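Read through the structure below, which is laid out as structure tokens, and then see the notes.
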2 protein chains.
Amino acid sequence: MKSVFQSIQNFSAEELNLLNDLITFRTLKKGELLLTENQVCNEVVFIKKGILRSFFVNHKGDEITNCFAFENEFMASFASFITQEKAEENIQALAETELQILDRKALEKLYQSGFNWQETGRKLTELEFVNLHKRMVSFQKLSGAQRYEELYQNHQKYIQLIPLQYLASYLGITPRHLSRIRKAVV
Amino acid sequence: MKSVFQSIQNFSAEELNLLNDLITFRTLKKGELLLTENQVCNEVVFIKKGILRSFFVNHKGDEITNCFAFENEFMASFASFITQEKAEENIQALAETELQILDRKALEKLYQSGFNWQETGRKLTELEFVNLHKRMVSFQKLSGAQRYEELYQNHQKYIQLIPLQYLASYLGITPRHLSRIRKAVV
DNA sequence: TCTTTTAATAGACAAATGTCCTAAAAATAG
DNA sequence: CTATTTTTAGGACATTTGTCTATTAAAAGA
């Protein structure tokens, strides 16, 4: 986690020590839930090892995967974390996963400790925004087949590591349709 | 614009004076473009009066509306503003529009002038993220008809003020399909 | 106001995508 | 290693949504 912050800004040893003191740790077994819908999300996690997926359940009871996070990436129900309203998402480990955790209090302490943390927080939020925007654009501009094609070309990791049933809802299509698309591509 | 910032944080008279000095003004005629795709977006605008829409063009040449902004809301190609890469969107006035503008330099000056502006910037970015997230969820969870229904129930303003052809692509459907949906609802 | 342009509606048909179901393949547990 | 469960692939058919087009309604310009 430290190295991500340092890639944004040069922090002093003192600032990094404060961070170190605030981080806690946790491991998840495959399939285990980190967050359940209707809980308020009170922590942001950073993945040292493993994969997480976030999903919600639609009116028919189908699980719809909202996003994945891999090693060296952050994950949370950011919407719930920010608004302090109940999360709509569940967050689940897709493999044995090791986490570093910053809870709300810890992050608030960091933010209040100085300008640099505020600035880094803003910049990371901006980057999260840009990522989400790209995903939104892909839903408006592309068909399911084109979104799969894009993953296939630029994010092999997804195709190798994620069960297709999860990938399907992530792409906004049914598993049946993803199977058709894959047949056409290969 | 001032009042939006003040709703986030109590700024001193001095801080607000700095803001005042940095704001510039512009008016747009109906149909006029504020930003064209392939330009880098270098300003964030605040709408005093009027409506803006942001749209991009897909591979078939169709205009796809990405978002709208109304009075007392901000607008920009935030992705381009943040990354300083070329925008994929065009921003256009849907009516006679009056703007307050903060350009990149001005915003940077604000941010560097103190902790409070950094914090407010972070919080506003967080709110933009949450809005975008809601829109993303609506695309994953709901059908086009359900998205229209949601607008109809909770955002009459969109249905009253926005030409249906723009609303259609904003909802991720064709005008033909929107017409069918409206017939079913009424 | 009259004329011209643009926007909205809707029919007929086509294409894309979903539902339901079964069989094979792969992963997991004992 | 075997049995059981889960995942993936794909056939048959249904539904949704898009395309193309024409007509009417509304808006803009002269």
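Computed from a predicted structure; not experimentally measured. Chain A is the first sequence line, chain B the second, and so forth, proteins listed ahead of strands; every chain is numbered from 1.
In this structure, the NE2 atom of A:His177 is 17 Å from the C1' atom of D:dA12, given to the nearest Å. For the pair A:Arg147 CZ and C:dT17 C1', the interatomic distance rounds to 12 Å; values are reported in whole Å. The nearest whole Å value for the distance from the CG atom in A:Asp62 to the P atom in C:dT19 is 7 Å. With rounding to whole Å, A:Gln140 atom CD is found 17 Å from D:dT17 atom C1'. Taking atom CZ of B:Arg176 as the reference point, atom C1' of C:dG11 lies 7 Å away to the nearest angstrom. Here the C1' atom of nucleotide D:dA28 and the NZ atom of B:Lys29 are 16 Å apart, to the nearest Å. Rounded to an integer number of Å, the gap from CG of B:Leu164 to P of D:dA25 is 16 Å. When rounded to the nearest whole Å, the span between OH of B:Tyr148 and P of D:dT17 equals 15 Å.
Comment: B:Lys134 does not engage B:Glu150 in a salt bridge, judged by the lack of any side-chain N to carboxylate O separation of less than 4.0 angstrom.
Across all strands, B:Ile173 comes closer than 4.0 Å only to sugar-phosphate atoms, never to a base (heavy-atom distances).
Nearest-nucleotide mapping onto DNA chain C: of B:Pro175 and A:Arg180, the residue sitting toward the 5' end is B:Pro175.
For B:Gln140 (side chain) and A:Ser169 (main-chain N/O), a donor-acceptor pair under 3.5 Å exists by modelled atom type. With hydrogens and angles disregarded, no donor-acceptor distance shorter than 3.5 Å links the side chain of B:Thr36 to the backbone of B:Asn90.
Each of A:Asn131, A:Leu132, A:Val130 was checked for a side chain to side chain contact (heavy atoms under 4.5 Å, CB included) with B:Phe129, and the lone residue meeting it is A:Leu132.
Phosphate proximity of D:dG10 to A:Lys183: present, with a side-chain N or O under 4.0 Å from OP1 or OP2. Between A:Lys30 and C:dT28, a side-chain N or O to OP1/OP2 separation shorter than 4.0 Å is present. Within the structure, every side-chain polar atom (N or O) of A:Lys60 is placed at least 4.0 Å from both OP1 and OP2 of C:dG18.
The heavy-atom pair separating B:Leu142 from B:Gln146 by the smallest distance is CA-OE1, 3.3 Å.
The side chain of B:Ser143 lies closest to D:dT17, out of C:dG11, D:dT17, D:dA9.
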